[in-house]
Amino acid sequence: APSNTAERSDPRPDRRARGKGFWTHPRTGYPSPVRFLLPPDRGAVRGSARAAVLSEWMTEWLGEPVEVSLAPSYRELAAAIRAGNVDLAWAPPAICAQLHTGVRAMLTVVRYGATACSAALLVRREEGPQSIEDLRGKRAAWVDPLSTCGHLLALAHLQDRGLDAAKCFKEQRFAGTYRDAIIDVAKGRAAVPSTYVVDDDEAATLREVLDVTGYGSDHLRVLCTTAPAPYDALIIGERVADWEGLQARLLDLDRRVGT
């Protein structure tokens, strides 16, 4: 019993499983690198650094080579999953709802004990709009058409309050990342972006914004928050032969981290 307990608490990969491999080349049968695709919403520099760290850690943990990369856009992320070109993918709920092929399993993200979060509409602290109605005739900077917290929740929030975004704003543009959308507002090029709320707390959300963009509560404030939507999901692609085995390892990893 003591040896089993020690084995379960050891975060290193099980070396005995190295020869099995979850992924095999469709023609040769040899293990091929695991392709893990991330959305582009954190920006090229920040996203590439995250991908490099994640690749190194997952290669050691899984015992298989893992290649982590950024999708050029949400649309291309969805296309890669549907085409079966990735083994793992991190995807927002708007993409998950569209997927009918290319998926073995979806694992819902849990943060701060919750499976959903709200979006926050940000404005400049001093000269920014004071209410939702003040957004009329202004410019909006969103992340991506398929971004839940960076676009879709904001539009639903406005619509619930009688504002049609297509008519309300003077201009709407997609910056591609949270960082670029928020910086557009901080520098006065737009009036409002939308970002994810951290732990249902305005101060924590603005600290995250500061970390991502360099602009925090001295420059920005939360105008309002939206209703919640599910968090992103970790998708296991259809190329994974032993997807149930991988799913079990991922869930076991989550339990270890939680303890």
Side-chain angles (χ1 to χ4, degrees), residues 36-55 68-78 80 89-95 109 111-112 117-129 135 138-155 157-158 165 169 171-226 228-229 231-234:
F36 189 176
L37 196 58
L38 302 176
D41 55 4
R42 298 304 192 270
V45 175
R46 187 181 177 92
S48 296
R50 171 189 287 184
V53 172
L54 188 58
S55 176
V68 183
S69 59
L70 302 179
S73 68
Y74 280 80
R75 193 173 302 279
E76 290 175 76
L77 172 65
W90 194 272
I95 287 180
V109 175
R111 294 192 182 106
Y112 309 106
C117 80
S118 302
L121 277 67
L122 305 177
V123 294
R124 292 189 298 281
R125 175 160 293 280
E126 299 299 332
E127 63 272 25
L135 293 176
K138 300 294 194 297
R139 290 182 170 87
W142 310 124
V143 176
D144 185 280
L146 294 176
S147 174
T148 303
C149 286
H151 180 228
L152 297 176
L153 282 180
L155 262 59
H157 186 79
L158 294 173
F169 292 108
E171 179 186 2
Q172 298 182 79
R173 67 177 295 268
F174 295 105
T177 70
Y178 283 108
R179 180 181 185 276
D180 291 339
I182 294 170
I183 287 178
D184 273 353
V185 173
K187 292 190 173 182
R189 294 191 291 261
V192 63
S194 182
T195 189
Y196 48 92
V197 171
V198 176
D199 199 20
D200 286 328
D201 182 77
E202 179 173 339
T205 300
L206 290 174
R207 285 195 298 271
E208 174 76 3
V209 169
L210 175 63
D211 182 53
V212 171
T213 69
Y215 293 93
S217 58
D218 289 344
H219 301 87
L220 301 164
R221 58 183 169 82
V222 174
L223 177 66
C224 60
T225 57
T226 71
Y231 275 124
D232 295 351
L234 179 60

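In what follows, every heavy atom counts, from backbone to side chain, and hydrogens, waters and symmetry copies are set aside.
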*Asks:* Going from CD on E208 to CG on D199, what distance comes out if it is rounded to the nearest 0.5 angstrom?
*Replies:* 11.5 Å
*Asks:* Between NE2 of H219 and OG1 of T213, what distance do you get to the nearest 0.5 Å?
*Replies:* 9.0 Å
*Asks:* Test side-chain contact (heavy atoms from CB on, under 4.5 Å) on I182 and V212; report intermediate values, then the result.
*Replies:* CA-CA 9 Å; I182 294 170; V212 171; 5.7 Å; no
*Asks:* Hey, is the main chain of S217 close enough, under 3.5 Å, to the side chain of R125 for a donor-acceptor pair?
*Replies:* yes
*Asks:* Any side-chain heavy atom of L135 sitting closer than 4.5 Å to one from L121?
*Replies:* yes
*Asks:* How about V143 and H151: do any of their side-chain heavy atoms sit closer than 4.5 Å?
*Replies:* no
*Asks:* For R189, is the CZ atom crowded, meaning more than 12 foreign heavy atoms sit under 6.0 Å from it?
*Replies:* yes
*Asks:* Apply side-chain contact (heavy atoms from CB on, under 4.5 Å) to residues L70 and S48 and explain how you reach the verdict.
*Replies:* CA-CA 7 Å; L70 302 179; S48 296; 4.0 Å; yes
*Asks:* Do W142 and S194 make a side-chain contact, defined as non-hydrogen atoms from C-beta onward lying under 4.5 Å apart?
*Replies:* yes
*Asks:* Which heavy atom in Y178 sits nearest to a heavy atom in C149, and how many Å separate them?
*Replies:* OH-CB, 3.4 Å
*Asks:* Verify side-chain contact (heavy atoms from CB on, under 4.5 Å) between V192 and F169, making sure each step is shown before the conclusion.
*Replies:* CA-CA 10 Å; V192 63; F169 292 108; 3.7 Å; yes
*Asks:* Side chains of T225 and H157, heavy atoms from C-beta outward: is any pair under 4.5 Å?
*Replies:* no
*Asks:* Taking all non-hydrogen atoms of both residues, which atom of L77 and which atom of P92 are closest, and how far apart?
*Replies:* CD2-CD, 4.4 Å
*Asks:* Would the number of heavy atoms belonging to other residues, nucleotides or ligands and lying under 6.0 Å from CG of D200 be above 12?
*Replies:* no
*Asks:* Can you check whether F174 reaches S147 side chain to side chain, under 4.5 Å on heavy atoms?
*Replies:* no
*Asks:* Can you check whether A120's main-chain N or O pairs, donor with acceptor, with T195's side chain at less than 3.5 Å?
*Replies:* no
*Asks:* Is the CD atom of E126 crowded by more than 12 outside heavy atoms at less than 6.0 Å?
*Replies:* no
*Asks:* How long is the gap from CZ on F36 to CG on L234, to the nearest 0.5 Å?
*Replies:* 5.0 Å
*Asks:* Could you state the interatomic distance from CG (L210) to OG1 (T205), rounded to the nearest 0.5 Å?
*Replies:* 12.5 Å
*Asks:* What pair of heavy atoms forms the shortest contact from A141 to A181, and how long is it?
*Replies:* O-CB, 3.6 Å
*Asks:* Under a 4.5 Å cut-off applied to non-hydrogen side-chain atoms, are P228 and C117 in contact?
*Replies:* no
*Asks:* Whether the side chain of D144 engages the backbone of L146 through a donor-acceptor N/O pair (distance < 3.5 Å, no angle test) should be reported.
*Replies:* yes
*Asks:* If I compare all heavy atoms of Y215 with all of V209, which pair ends up nearest, and what's the gap?
*Replies:* O-CG1, 3.2 Å
*Asks:* Over all heavy atoms of both residues, which pair between P129 and A191 is shortest? Give the atoms and the distance, please.
*Replies:* CD-O, 4.3 Å
*Asks:* Between Y231 and Y196, is the ring centre distance below 6.0 Å?
*Replies:* no
*Asks:* Side chains of L122 and V185: does their closest heavy-atom pair fall under 4.5 Å?
*Replies:* no
*Asks:* State whether R173 and D180 are salt-bridged, where the test is any N-O pair (Lys NZ or Arg NE/NH1/NH2 against Asp/Glu carboxylate O) under 4.0 Å.
*Replies:* no
*Asks:* Is a side-chain N or O of T226 found less than 3.5 angstrom from the main chain of A119, in a donor-acceptor match?
*Replies:* yes
*Asks:* Side chains of V198 and R207: does their closest heavy-atom pair fall under 4.5 Å?
*Replies:* no
*Asks:* List the atom of A94, the atom of T148, and the distance in Å for their closest heavy-atom pair.
*Replies:* N-OG1, 3.8 Å
*Asks:* Between Y74 and D41, is the side-chain contact (heavy atoms from CB on, under 4.5 Å) condition met? List the steps.
*Replies:* CA-CA 8 Å; Y74 280 80; D41 55 4; 3.1 Å; yes
